[in-house]
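This chain uses plain numbering: 1 for the first residue, then up along the sequence. For ligands, and for the atoms within them, numbers begin at 1 and follow the listed sequence.
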Amino acid sequence: MEIRFADIELLRYKTPAFDTLSLNDKLYIYHLAKASLYGRDILWDQNCRYNLRIRWMLENILLDSTVSHDDAGWQSFLTYIRQVWFANGIHHHYSTDKFQPSFSREWLLQAWNSIPTEKHTPRLTAGEVSLLTDVITNPAIMPKRVSQKGGDLLQSSACNYYDETVTQHEAEEFYASLKKTAPNPDRPVMYGMNSRLERDDRGKLWENTYRIGGLYDKNIRLIAGELESARTYAQTPLQKKNIDLLLEFYRTGSLDAFDRYTISWIGETQGTIDFVNGFTEVYGDPLGLKASWEGYVNILDTEATHRTQVISQHAQWFEDHSPVDDRFKRRECHGVTALVVQAAILGGDLYPSSAIGINLPNSNWIRSVYGSKSVTIGNLTTAYNQAAKGNGFREEFIPNHDIRSLINRYGDICDDLHTDLHECLGHGSGQMLPGVDADALGVYASTIEEARADLFGLYYIADPKMYQLGLIPTPDAWHANYYTYMLGGIMTQLVRIQPGRDIEEAHMRNRALIGNWCLHNGDAMHLAHTDGKTTLEITDYQTLRRQIGTLLAEIQRIKSTGDFPAARNIVETYGVKVDPILHAEMLRRYEALDLAPYKGLINPRYTLVKDSDGNVTDVTVDYTETYDRQMLRYGRQYTAS
Ligand code: ZN
């Protein structure tokens with residue numbers, strides 16, 4: 001552990017593959033990494049329109065304020081600025097609730113005013129300072145970044161993808177009419193993905209597009225500059241071409257250009273270095289249209305990739321034997337590229353809290369025609385697994401010695417395998433019935449999609465084929481994965497929820513849905529109560545697997561037919577509500593362990609080494625930068641302001 005504050009723990013990940021690369025490859029990564037970091041401020045602004053100015057204000061206080069560093073106010077301030085850095089803004093990265101600092105408005109103003117005038121950040125006027133201190137300390141202002149329920153979702157969300165005056169109804173109408181007039185309805189672009197929906201002087205809605213010469217012009221120019229430098233060191237001609245296509249997208253903001261880039265990117269499989277750079281995931285928009293900026297760079301891990309290649313080679317077998325209705329199966333499974341990689345840098349919405357598996361693109365028609373690229377990020381998993389060893393969690397929540405020792409032996413291997421199955425096969429499996437709108441499931445779409453991929457993984461990790469293919473070490477090792485999955489979905493993930501709250505985040509809803517549905521629709525497992533402690537007992541793993549198959553078939557039916565009422569019903573019944581008594585117990589037991597429920601990662605730092613003539617002779621990687629220093633450096637170095 002590097003640093004701990006609030007509900008957060010920071011870890012360090014290492015990129016051992018970097019040291020084995022040629023200078024050319026190292027320079028390719030060096031520039032791609034910078035391109036990944038230059039998008040940081042875009043994300044901050046997307047998350048909330050006050051975020052950047054608040055960060056400047058807080059960093060100015062941290063560096064230059066002369067208030068006492070010994071009092072409680074300063075300690076609260078340190079926690080707060082670290083939380084804001086972590087979340088890329090003033091709202092929690094996961095719950096999206098606004099942070100409530102424990103210093104007062106008065107303390108904050110005093111800290112600001114104690115900065116010697118010549119050191120004050122010149123960008124903030126007195127009026128702005130007053131406004132920003134209100135935004136920080138008044139819980140009634142912008143309480144939620146992404147609102148999922150109740151009234152107008154745009155009006156109740158603080159995210160910055162729409163003008164403040166734009167209503168949910170207006171935005172939905174705007175994009176519905178764009179879709180209706182699509183020139184190529186079978187191959188729709190990702191409408192709205194790279195723009196802010198604004199209102200002009202006459203009240204008419206228009207899209208302010210993220211591009212050179214448009215919104216985020218300066219930031220995108222900096223990103224493009226590094227991409228151009230990287231282009232020189234590309235490993236393959238297709239990588240060069242892909243950078244050109246991405247640059248065209250950044251210049252024009254054209255969504256057709258983005259699709260052309262995406263299709264070409266899927267086809268590049270010869271190089272050992274790859275990257276994502278752009279507007280990617282839509283979790284930050286309550287309407288699921290607008291994509292947040294993210295960037296990362298990875299290096300292929302050839303040894304570990306063997307495992308996922310075995311899975312991919314059998315993709316059609318898995319599809320043919322899945323328990324879903326034949327109408328919803330994909331006739332031809334192709335383009336499933338499954339790789340294990342090491343992250344070299346994390347940026348934008350992947351930093352400091354990162355996914356451990358990534359499957360792109362998100363465009364449904366491109367996926368079905370051209371396939372997708374899937375990666376599991378092995379070096380991040382390694383960092384998490386190391387941190388989880390011996391922290392007391394398993395002893396507390398898995399009292400059964402037999403299953404605990406199975407998990408200690410095979411848990412990590414099985415979790416990796418489940419992630420591989422989720423990413424390589426799950427998301428790529430199945431097909432929509434003709435004519436079904438890809439957005440038919442609305443706010444439930446993400447939860448249903450994640451449930452589908454998880455169920456596919458759960459169903460097949462238990463298949464005898466896994467042992468035959470040499471992917472799991474013993475025929476029953478998968479029990480470890482079933483136990484930890486169900487334990488998480490039904491019980492232990494509740495420690496991430498505030499008392500009295502519902503489950504909101506899509507991946508958490510999906511895990512609760514699967515766990516609770518299986519608990520209440522069969523007798524393969526039950527909750528036991530001894531000495532005031534609830535324990536999960538799984539008594540029949542084969543029956544549980546059959547239940548998983550039944551649920552997978554139903555979730556696939558919901559997705560393939562766009563059955564919105566069924567999606568709403570199953571998510572609301574099993575994935576949203578929290579049993580308050582169980583919840584309180586989980587929080588109490590978890591608190592006694594004194595663990596941080598959320599983890600994030602500190603990036604490596606890359607530095608050019610030059611000889612006396614100024615020629616670059618090497619790129620070094622360093623793992624010693626502290627969290628605070630990295631955040632302050634990024635704020636200085638990777639900003640367009
Ligand atoms: Zn997923």
Visitor: Got a sec, which residues hit side chain to side chain donor-acceptor pair (under 3.5 Å) with Thr492, two or more places apart in sequence or on another chain?
Guide: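 Checked Thr492 against side chain to side chain donor-acceptor pair (under 3.5 Å); zero matches.
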Visitor: So, using ring pair (Phe, Tyr, Trp, His ring centres under 6.0 Å) as the criterion, who are the partners of His479 when residues are at least two apart?
Guide: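 Partners of His479 by the ring pair (Phe, Tyr, Trp, His ring centres under 6.0 Å) criterion, ordered by chain and then number, come out as Tyr541.
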Visitor: Will you find, in the side chains of Tyr296 and Asn277, an N or O donor that is under 3.5 Å from an N or O acceptor?
Guide: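 No, because no side-chain N or O of Tyr296 sits under 3.5 Å from a partner of the opposite role on Asn277.
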Visitor: Should Asp416 and Thr376 be marked as a side-chain contact (heavy atoms from CB on, under 4.5 Å) after you check the CA-CA gap, both sets of side-chain angles, and the distance that decides it?
Guide: CA-CA 8 Å; Asp416 284 353; Thr376 55; over 6 Å; no
Visitor: In this structure, are over 12 heavy atoms from other groups packed under 6.0 Å from Arg501 atom CZ?
Guide: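 Counting neighbours around CZ of Arg501, 12 or fewer heavy atoms of other residues, nucleotides or ligands fall under 6.0 Å, so no.
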Visitor: With sequence neighbours excluded, what pairs up with Met190 under the side-chain contact (heavy atoms from CB on, under 4.5 Å) test?
Guide: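 Listed in chain order: Met193, Asn362, Ser363.
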Visitor: When you check the space around the Zn ion (ligand 1), which protein N, O or S atoms turn up under 2.8 Å?
Guide: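 Short answer, with waters excluded from the count: His422 NE2, His427 NE2, Glu450 OE1.
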